[in-house]
Structure formats: C-alpha cells, structure tokens
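As structure tokens, the structure follows; a few thoughts come after it.
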There are 2 protein chains.
Amino acid sequence: MVKKKATRPYHHGDLRAALLEVAEKALEKGGSETLSLRELSRELGVSSMAFRNHFANKQALLDALAREGLNRLGVALNRAISDREQDFDTRIIKFARAYVRFAMKHAALFRLMFLSKHRTGAPAELIEASYRALAPGPATVADGQASGAVVQGDPARLALVVFSAVEGLIAISTDGQFFGQPLDRLTEEIVSQIILGLRPRL
Amino acid sequence: MVKKKATRPYHHGDLRAALLEVAEKALEKGGSETLSLRELSRELGVSSMAFRNHFANKQALLDALAREGLNRLGVALNRAISDREQDFDTRIIKFARAYVRFAMKHAALFRLMFLSKHRTGAPAELIEASYRALAPGPATVADGQASGAVVQGDPARLALVVFSAVEGLIAISTDGQFFGQPLDRLTEEIVSQIILGLRPRL
DNA sequence: ACCTGAACACCGTTCAAGT
DNA sequence: ACCTGAACACCGTTCAAGT
C-alpha cells in the first residue's frame, strides 16, 4: 500500500483510492463481471479513461482490489491468533471463525480474491499476498507442534486440513442450510473434529 | 432433457443441443463471463439471434447448462453409492470421491452450477435440480443410520458435514498444494475423519 | 504527471421482417 | 415454428490530444 501525495490535481486527492472504494462497493452488489469501469468513472465524475493513469486495465483494478482484500484478511487472521498464551484449540478455532466471518462479511470480495489468485497468469505478487495473508494458519499449527498439541510434520500441509474445513463451511454457508445453528457454533464443531486428527497418537 | 424431433429445419437437427454443447466447451476454457453468444452463433454458422428460439437470454442458457451439469452430477453420485451391500464408510467415501472428481473434471461447469443456483432470483427449477442431484448424500446417511453406523438426527443436517468436507477439498484443490498426495487419498483421509464424528457414542 | 474525447471492435437485447 | 438483419445502448481499450 504505497501512499500517494494528496496533490489534488484535477478531481480527487487520490483517484486511485477513490476508484478502489467505489469498485468494492459495486463488487459487493453485482459481482466482478457486472462491474463497469465506465460506470465507476461516471460515479466519480471523471472521464472514462482517467483510471488508466492508475490501472493498466480492468483486470489490474480487480487484482489491486483482490490484493487489498488479502491484506485485510491477513490482518484479521493475525489478530485472531495474536494471543500466544492461549492453547492451540482455542487459537485455531478463533482463526477459523475469523476466516469464515471475513468470507461472509465480504462475500463478493472474498470470491474475487480467490478467483484472481487462481486464474491462469495471475501476477506473482498476488500469490505472495495470499501466502502472507494465510500464514497465520501454518504459524499456529507450528506453535501447536512446539507445545505438543499437534503431531509432527510440515505445518503448511497440516494447516491445509484446517483450510479445507473452513472453505467447506464457507461453500455450504451460501446455501443457508444451517438448520438454525449459528455459523460460529458450526465452525467450532467442525474444526474441533479436525483437531482430533491433528492430535499426536497417545 | 426433453428430446426434440430432428426435423433439421434450417441449419441443425437440434440447435438447442448444439448451443449447449459449444457453450460448455467455451465455458471450460474461459469462464462464464467471457462466454459470448455472438461467438457461439458464429461457430455454429447461425445468426446471432437464432438462439432466442431456445433460450430467453444469456442467463437462461447458462441456467440450462447448470441444470444439465447438476443432472450429470446426480447420476455420478447415485452410481457411487449404488451398491447398498457396502458398509456406510465405503459408500460415503465413494460418494465424496465421485463429488470431488466431478468438480475437478468439469471445473468451470461446476463453478457455474453453484454460482447459478446461489444467485439471487435463481429459478426454483434449478434449486430443485440441485436437491435431486445431492440427494444421494442424505440418502446414504439415512442408510447408515438404519444400520447403526451413524448417529440419529436429520440426515440432511448430518450430510452437511460431508458436503462441507468435500467442498473444502475442492476449494483448496485449485491451489494444487497437495504435497504430492493424490486427491483420492486426501479425500479418504478427511472424510474418514468426518465419519468419526458421525459415529454413535459407545 | 494526470486527465479528456473521439474512435474501434466488441457485447446482449429488442424489434420488425422473412420463410 | 424457426431464423435473419438492422438498430440500440452498452462495454473495454487504443490513440492523439490537451493542461
């Protein structure tokens, strides 16, 4: 996130930031395919091609949006596991909840984030941003290994099981078929299940 | 799937089927947003608006494609659990594998299927097609309950845990981070984990 | 450095018309 | 019943030009 000097040249102090802001709003109520650059420009009272000074094309704007989203997810996940005094189970459940909550709260952005990073020819920068954002997962698993709560093995590989559980919850959550169970409770249940498999054999 | 008489009126015996076929091919290598009706029409050597006799608009064509995909998934899932002599664990693992394999093999179609049915204002027909396609999940759980392999409770609710596991696998599989483990094996591992939670308490 | 405006090659959809 | 072709209102992107 490079800060630009607010020289207020034509219409805005920072057209780039303004574009990202309205783009995210448009995203959240229409998806990435219905998002129109011309419409965004109209909203901001700027010419259709003003955005060209800040983004090479539409894809570049979407990538920037995805990158920003990944950074925000990373912050949320880091905060969730920040208390290193807590035991592994508590931390990993908080991690899972933060992940699921982010996906629920910013559904369209979340979809874009993983659509962008998985598309063929995604910029390396985006892949790296994703690794950084998700790093709290493996990190917590590694801490769990250090305290004897988790079996030995590659933390990234073991964390994959947690990611799988979380992504599964997110996927089925759009069905809204929770039979009245709050999502936080379901997250705890499923992740608790997963934790059992990560336990060292007695 | 209503069969039309092959009267070969202008260009095709069945333009509807031909459209669905090329549309799926286009989908599989470009996503639903880059799919162009005009381009499909050109490929079939037909006017841009010929499709209008078979589909009200682009969305209707995508919905039809999603519906067809759901039917095919349903067939695959039914086949996976068809041997009622097998025990619960075997059947539900086969179910999960069939699900994951379908999603891998028809990635773009799979995405479209769940994008279509989850979008606001999705036709009821699509929702029903989805329930029918996924029915083998709850059905297998119900069989498991009958044989004492699964705890009591709403089969649809219990099956949700299996769906969650499977969807999670699919989500992370696009990352291709399996550390050399075959997906079938990982599916078995994770679903086996899930099964433990479905067991009646001794 | 930042923004404009006309032009180009695409879209999906509507409508009147053809057979 | 099925298909065509012109027209309309949109796109994203390129390019030459403005300050």
Side-chain angles (χ1 to χ4, degrees), chain A residues 2-27 29-66 112 115-116 119 121 123, chain B residues 2-27 29-66 112 115-116 119 121 123:
Chain A
V2 182
K3 265 263 170 67
K4 293 243 172 105
K5 277 186 216 147
T7 45
R8 183 168 289 274
Y10 282 69
H11 290 86
H12 298 88
D14 195 344
L15 180 56
R16 193 190 131 92
L19 276 166
L20 285 173
E21 199 183 335
V22 292
E24 187 178 343
K25 228 166 269 177
L27 191 74
K29 63 173 184 110
S32 66
E33 53 268 19
T34 49
L35 187 148
S36 153
L37 293 180
R38 287 176 112 112
E39 196 176 328
L40 297 187
S41 301
R42 259 178 265 132
E43 276 180 46
L44 291 173
V46 90
S47 95
S48 309
M49 287 315 297
F51 85 96
R52 255 293 204 158
N53 295 294
H54 308 283
F55 305 101
N57 50 31
K58 186 179 182 179
Q59 187 61 63
L61 186 148
L62 292 177
D63 283 353
L65 220 47
L112 176 70
L115 228 70
S116 298
R119 79 166 199 282
Chain B
V2 182
K3 265 265 170 68
K4 294 244 171 104
K5 276 186 216 146
T7 45
R8 185 168 288 274
Y10 282 69
H11 290 85
H12 298 87
D14 195 342
L15 180 56
R16 192 190 133 92
L19 276 167
L20 285 174
E21 198 183 336
V22 292
E24 186 178 344
K25 227 166 270 177
L27 191 75
K29 62 170 184 117
S32 66
E33 53 268 20
T34 50
L35 187 147
S36 153
L37 292 181
R38 286 176 113 114
E39 194 176 330
L40 297 187
S41 301
R42 261 178 264 132
E43 275 180 47
L44 292 173
V46 90
S47 95
S48 309
M49 287 315 297
F51 84 97
R52 255 293 205 158
N53 294 294
H54 307 284
F55 305 102
N57 50 31
K58 185 180 182 176
Q59 188 61 63
L61 187 148
L62 292 178
D63 283 353
L65 219 47
L112 175 71
L115 229 71
S116 298
R119 79 165 200 282

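The sequence lines fix the lettering, A, B, ..., with proteins before strands; numbering per chain opens at 1.
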* Asked: Quick one: does B:Leu37's side chain get under 4.5 Å of B:Phe51's, heavy atoms only?
  -> yes
* Could you tell me which non-hydrogen atom of A:Ala64 sits nearest to which non-hydrogen atom of A:Phe55, and how far apart they are? => CB-CE2, 3.7 Å
* Asked: Taking atom P of C:dC10 as reference, at what distance in whole Å does atom CZ of B:Arg42 sit?
  -> 7 Å
* Structure fact -> Separation of D:dG18 atom P from A:Asn53 atom CG, nearest Å, is 17 Å
* Any side-chain heavy-atom pair of A:Lys58 and A:Leu35 under 4.5 Å -> yes
Extract from the structure each pairing of a protein N or O with an N or O of nucleotides 12-16 of chain C at less than 3.5 Å, listing the distance.
unit_1: C:dG12; atom_1: OP1; unit_2: B:Leu35; atom_2: O; d: 3.4
unit_1: C:dG12; atom_1: OP1; unit_2: B:Leu37; atom_2: N; d: 3.0
unit_1: C:dG12; atom_1: OP2; unit_2: B:Leu37; atom_2: N; d: 3.2
unit_1: C:dG12; atom_1: OP2; unit_2: B:Arg38; atom_2: N; d: 3.3
unit_1: C:dG12; atom_1: N7; unit_2: B:Arg38; atom_2: NH1; d: 2.3
unit_1: C:dG12; atom_1: O6; unit_2: B:Arg38; atom_2: NH1; d: 2.8
unit_1: C:dT13; atom_1: OP2; unit_2: B:Lys58; atom_2: N; d: 3.0
unit_1: C:dT14; atom_1: OP2; unit_2: B:Arg52; atom_2: NH2; d: 2.2

* Asked: B:Glu33 CD to C:dC10 C1': how many Å, rounded?
  -> 16 Å
* Could you tell me whether the side chain of B:Leu61 reaches within less than 4.5 Å of the side chain of B:His54, counting heavy atoms only? => no
* **Any-strand Watson-Crick or G-U partner of C:dA16, both distances under 3.5 Å** => D:dT4
* Student check: side-chain heavy atoms of A:Asn53 and A:Leu15 closer than 4.5 Å -> no
* Asked: Quick one: B:His54 NE2 to D:dA1 P, roughly how many Å, whole number?
  -> 13 Å
* Asked: Under 4.0 Å between a Lys/Arg side-chain N and an Asp/Glu carboxylate O for A:Arg119 and A:Asp63?
  -> yes
* To do: Please check the phosphate of C:dA1 (OP1 and OP2 only) for any side-chain N or O of A:Arg16 closer than 4.0 Å.
  => no
